[in-house]
Structure formats: structure tokens, C-alpha cells
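Notes follow the structure.
What you are looking at is a predicted structure, and each value in this text was computed from that prediction instead of being measured.
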Amino acid sequence: MPHFPGAISSKLPNIGTTIFTVMSRLAAEHNAINLSQGFPDFDCAPELRALLAKYVNSGLNQYPPMAGVAPLREAIAEKMASHYGAAYDPEHEVTVVPGATYGIFTAIAAMVRPGDEVILFEPAYDSYAPSVEVNGGRPVYVQLKFPDYSIDWQQVQNAITPKTRMIVVNTPNNPTASVFSAEDLRMLEGMLRGTGITVVSDEVYEHIVFDGHRHQSMAHFPGLAERSFVVSSFGKTYHVTGWKTGYVLAPRELTAEFRKVHQYNAFVTNAPVQYALAEYMKNRDAYLELAAFYQNKRDFFLAGIKGSRFEPLPSRGTFFQNLRYDAISDEKDTDLAVRLTTEHGVAAIPVSVFYREPPPHKVLRFCFAKSEETLEKGAQILSRI
């Protein structure tokens with residue numbers, strides 16, 4: 001193969017392959033149970049598959065509108081109004097995008113300029129900092145308090161400077177499985193009042209909140225909604241992560257800037273998938289029943305490891321369960337994650353990779369978006385360690 005003749009000055013010199021790819025590849029190589037990467041090992045609803053086939057076969061296979069097909073944008077706006085009491089104009093404030101990660105990146109690219117500071121909460125999902133850095137911004141970190149991963153709002157206040165352009169929020173949170181409370185969002189709303197700081201709110205697990213709690217969306221708080229890009233995902237909600245379809249809600253002025261970047265990048269999102277999702281969204285139970293569905297899986301997994309030497313941390317949302325292993329090993333979580341995969345046949349994600357400087361916490365993240373058979377096999381192995 002030919003080689004590039006010049007010197008490459010990387011814009012992301014410290015970035016390698018994402019941990020999700022690394023662990024899933026290792027799991028495949030060793031035929032291990034993959035409880036690492038966050039995707040279901042079961043299929044989506046047959047009704048949704050049938051709808052996709054219907055729209056593919058009806059000839060809707062050319063470019064859709066740049067912002068998304070009208071029926072889907074209208075269905076999203078209707079859901080936001082009924083679920084959160086938030087009014088979004090489907091024409092000017094709702095954009096369908098090829099995946100939530102794309103939506104987050106595009107919002108950052110639209111707003112962040114060289115030298116701007118962007119506040120991130122650590123442990124932070126691994127796409128946030130690179131998205132900031134490749135657009136010339138500087139991540140500023142506020143660490144969540146272990147072991148409940150709560151927020152010290154005084155630290156957030158201290159992190160805000162005249163250079164702060166944006167705060168990236170993720171609730172329900174990956175990888176901690178924590179959720180923001182209404183009081184948290186009221187604190188943030190008050191803190192940002194009178195500033196020009198924007199918010200990117202990653203809410204892809206919005207319908208997966210447990211134990212009777214309710215997801216607190218930025219869209220529900222007027223002082224936050226007016227400055228926020230709210231990002232969500234059909235992949236997480238409908239068990240179709242491979243469809244890579246999500247949406248971004250923002251006030252008209254912010255959406256205009258967002259679409260300037262979007263139209264010269266992906267430009268559009270898969271057309272027949274959008275029509276299928278628009279029709280499927282009429283079935284509100286498909287997302288309203290999601291929390292109970294995954295809470296049952298969480299509880300099944302926890303029952304399976306009861307009596308093991310792993311210590312569960314609270315999982316209040318997402319489809320992840322974090323386990324402390326202080327009673328098992330002194331080794332780094334990255335080393336134990338590899339050894340669990342290669343020697344015991346269960347793959348997990350080491351939580352330290354979501355920090356700039358790994359803390360001493362000994363925690364692994366396990367995905368329970370799996371069949372009971374898979375979870376039972378994984379739990380049996382973990383209980384023997």
C-alpha cells in the first residue's frame with residue numbers, strides 16, 4: 001500500500017480506538033459473553049421490522065428532506081409536548097440525524113470555536129472530549145462524586161469562566177447509570193441564567209429510568225430549554241442501535257446554526273427508516289413500557305450475582321450495571337476487563353477509561369440489555385470469580 005509522503009500533525013494525537021470496539025473485538029476473538037458494548041442481543045419488535053419493509057417496498061428510497069421527513073418530526077414534537085410539556089416547532093426546531101453521537105458532534109461543531117471552554121462531567125462518555133478538541137475547544141472537567149456519582153454544583157460554578165461556551169450533560173448517565181434530579185436541573189438553570197452558555201444534553205436513555213423515578217429533560221425547564229440542544233436516540237428506545245437514527249431539539253436560532261453544519265456533513269438521514277419510525281411512534285406503549293422492561297433485566301442480573309464478591313453500585317437508569325471488585329482484585333480495571341474476557345469468558349467495560357486521569361476506583365460496567373439466557377450465563381461466571 002502507498003504511504004502518505006508528508007508529516008501528519010494529528011488533531012487528536014492522544015485518541016486511539018474506542019474501548020467499545022476494543023472490548024467487543026476481544027469478546028468475539030475469545031467467544032466470550034459480551035456484556036461490554038451497549039446493544040441488545042435480541043431483536044426489535046416485528047411490527048417495526050414490517051414497517052421498514054413496507055416503506056422500502058413503497059419506493060421511499062431517495063433523499064428525504066434535510067431536516068427529516070415531516071411525519072417523524074411532527075411525531076417527535078407531539079411526544080415532547082405530551083411527555084415533557086415542551087413545545088417544539090417541527091419545521092424549525094426538530095432535526096432528524098443519523099445517530100445521537102452525530103447529533104452531539106454537530107451541535108458542538110456548530111457552536112464551539114477555537115479557544116472556547118466546554119464543561120464535561122467525569123466520567124464522560126468517550127465521544128465528548130474528542131468532539132470538543134477537534135473543533136478547537138478545550139474540555140474542562142468536573143468530576144462526579146464517587147460512589148453515587150452525584151454533582152458538586154459549587155465545582156461547576158467554579159469551572160465557569162468568561163471562556164465557557166458550553167456544558168455537555170448526560171442523563172441518564174453512561175457509564176455511571178446515575179440520573180439528574182429535578183433539583184440538579186434547577187441548580188443548573190439558575191447558574192446559567194443571564195449567560196450565553198449553551199447546553200448539549202445527551203438524553204438517549206430518557207425512557208430507561210428505574211424505581212419510579214422520572215427522567216428530567218432539559219426540555220422541561222424553560223431556562224434550560226432556551227439554550228439547549230436536546231439529543232435522543234431511536235436506537236436505544238426501540239432496540240435498533242444499528243439503524244443509527246436519532247434527533248436533536250433546539251430553539252429556532254440554535255437549530256439554524258446546527259443545520260448549517262448538518263447540511264454539509266451527512267445532509268440527510270435514512271428515508272425509509274424515518275417513515276417506519278414515524279408510524280411506529282403512534283404506539284406510545286413501546287417507549288412508556290421500556291423502563292419496566294429494563295428494570296426487570298437489571299433485577300434479574302443482580303439476583304444472578306447475589307452472593308458473589310462483586311458489589312453493585314446503584315443503577316438508576318440506562319441499561320448498565322456498575323460493579324465494584326475491591327474484594328476480588330487489586331489490579332487495574334483495564335487489566336481485569338481483559339482477563340475476565342480472555343480467562344473467564346465475560347466482557348465488560350473498565351470505567352477508568354472515561355476519565356482523563358484514572359481514579360483508584362475499582363469498577364467495571366456491564367450491559368444488561370441482553371436475553372435472560374445471556375444474563376444468566378454471565379452471572380453464573382461472575383459468581384464463581
Side-chain angles (χ1 to χ4, degrees), residues 10-15 18 95 97 99-145 149 151-176 178 180 184-185 187-204 217-219 221 223-232 246 248-251 253-262 265 353-357:
S10 176
K11 295 178 75 174
L12 296 171
N14 300 315
I15 299 298
T18 174
T95 309
V97 294
T101 302
Y102 170 93
I104 293 164
F105 181 91
T106 303
I108 292 171
M111 302 305 296
V112 173
R113 295 163 175 78
D116 285 346
E117 295 177 351
V118 178
I119 295 175
L120 307 178
F121 293 97
E122 263 191 326
Y125 185 67
D126 65 349
S127 81
Y128 300 159
S131 299
V132 172
E133 291 168 345
V134 81
N135 286 291
R138 186 175 77 86
V140 174
Y141 295 90
V142 173
Q143 194 166 126
L144 300 175
K145 294 188 291 185
Y149 298 107
I151 302 168
D152 183 335
W153 286 106
Q154 186 57 54
Q155 286 191 24
V156 179
Q157 183 68 71
N158 294 344
I160 294 175
T161 76
K163 293 184 177 181
T164 304
R165 170 74 62 174
M166 176 181 286
I167 296 178
V168 179
V169 170
N170 175 207
T171 182
N173 183 271
N174 177 17
T176 69
S178 61
F180 277 36
D184 284 326
L185 293 201
M187 290 288 291
L188 181 59
E189 187 177 37
M191 200 170 288
L192 299 184
R193 189 172 293 120
T195 76
I197 297 171
T198 55
V199 175
V200 170
S201 187
D202 179 352
E203 302 183 18
V204 300
S217 175
M218 300 293 148
F221 295 78
L224 293 173
E226 68 183 8
R227 65 180 70 245
S228 293
F229 297 90
V230 176
V231 184
S232 196
V248 177
L249 305 135
E253 300 81 2
L254 294 182
T255 294
E257 296 305 309
F258 180 93
R259 290 180 181 177
K260 289 177 184 178
V261 178
H262 169 57
N265 191 355
V353 301
F354 300 101
Y355 291 86
R356 283 170 307 159
E357 299 177 5

What distance do Phe354 atom CZ and Asn174 atom CG have between them, rounded to the nearest 0.5 Å?
-> 6.0 Å
Given side-chain contact (heavy atoms from CB on, under 4.5 Å), test Val134 with Ile15 step by step and report yes or no.
-> CA-CA 11 Å; Val134 81; Ile15 299 298; over 6 Å; no
Atom CD of Glu203 and atom CG of Leu249: how far apart are they, to the nearest 0.5 Å?
-> 8.5 Å
Are the side chains of Gln154 and Asn158 in touch, meaning some heavy atoms are under 4.5 Å apart?
-> yes
Between Val156 and Ile119, what is the shortest heavy-atom contact and its length?
-> O-CD1, 4.3 Å
Please assess Phe105 against Asn135 for the test side-chain contact (heavy atoms from CB on, under 4.5 Å), listing each intermediate value before the final yes or no.
-> CA-CA 9 Å; Phe105 181 91; Asn135 286 291; 3.8 Å; yes
Inter-residue atom distance Glu117.CD - Thr164.OG1, 0.5 Å rounding = 5.0 Å
Taking the side chain as every heavy atom from C-beta outward, state whether Tyr149 and Pro123 have any atom pair closer than 4.5 Å.
-> yes
Contact check, side chains of Val118 and Ile108, non-hydrogen atoms, under 4.5 Å = no
Drop me the distance from Thr106's OG1 to Glu257's CD, to the nearest 0.5 angstrom.
-> 13.0 Å
Residues Ser217 and Val230: closest non-hydrogen pair is OG-CG1, 4.2 Å
Can you measure from OG (Ser131) to CG (Asp126) and round to the nearest 0.5 angstrom?
-> 9.5 Å
Do side-chain atoms of Arg227 reach the backbone of Leu192 as a donor and acceptor pair under 3.5 angstrom?
-> yes
Atom OH of Tyr125 and atom CG of Asn173: how far apart are they, to the nearest 0.5 Å?
-> 12.0 Å
Identify which one of Asn170, Val168, Leu144 satisfies the side-chain contact (heavy atoms from CB on, under 4.5 Å) criterion when paired with Phe121.
-> Leu144
Using a 4.5 Å cut-off on heavy atoms from C-beta on, say whether the side chain of Leu188 contacts that of Ile151.
-> no
So, do His262 and Tyr102 sit near enough that their side-chain heavy atoms are less than 4.5 Å apart?
-> yes
Worked verdict on Asp116 versus Met166 for side-chain contact (heavy atoms from CB on, under 4.5 Å) | CA-CA 8 Å; Asp116 285 346; Met166 176 181 286; over 6 Å; no
May I ask you to decide if the ring planes of Trp153 and Phe180 are parallel, tilted or perpendicular, using 30° and 60° as cut-offs?
-> perpendicular
Considering all heavy atoms of both residues, which atom of Gly137 and which atom of Val112 are nearest to each other, and what is their separation?
-> CA-CG1, 3.7 Å
Side chain Gln157, main chain Met191, donor-acceptor under 3.5 Å | no
Side chain Arg113, main chain Met111, donor-acceptor under 3.5 Å = yes
Sidechain-backbone polar pair: Thr161 side chain, Lys163 backbone, donor-acceptor under 3.5 Å = yes
Provide the closest heavy-atom pair for Leu120 versus Pro139 in the form atom of the first, atom of the second, distance.
-> CD1-CB, 3.8 Å
Kindly give the heavy-atom pair with the smallest separation between Val200 and Ala107, and that separation in Å.
-> CG2-CB, 3.8 Å
Residue pair Pro130 / Leu12: nearest heavy atoms and the distance that separates them = O-CD2, 3.9 Å
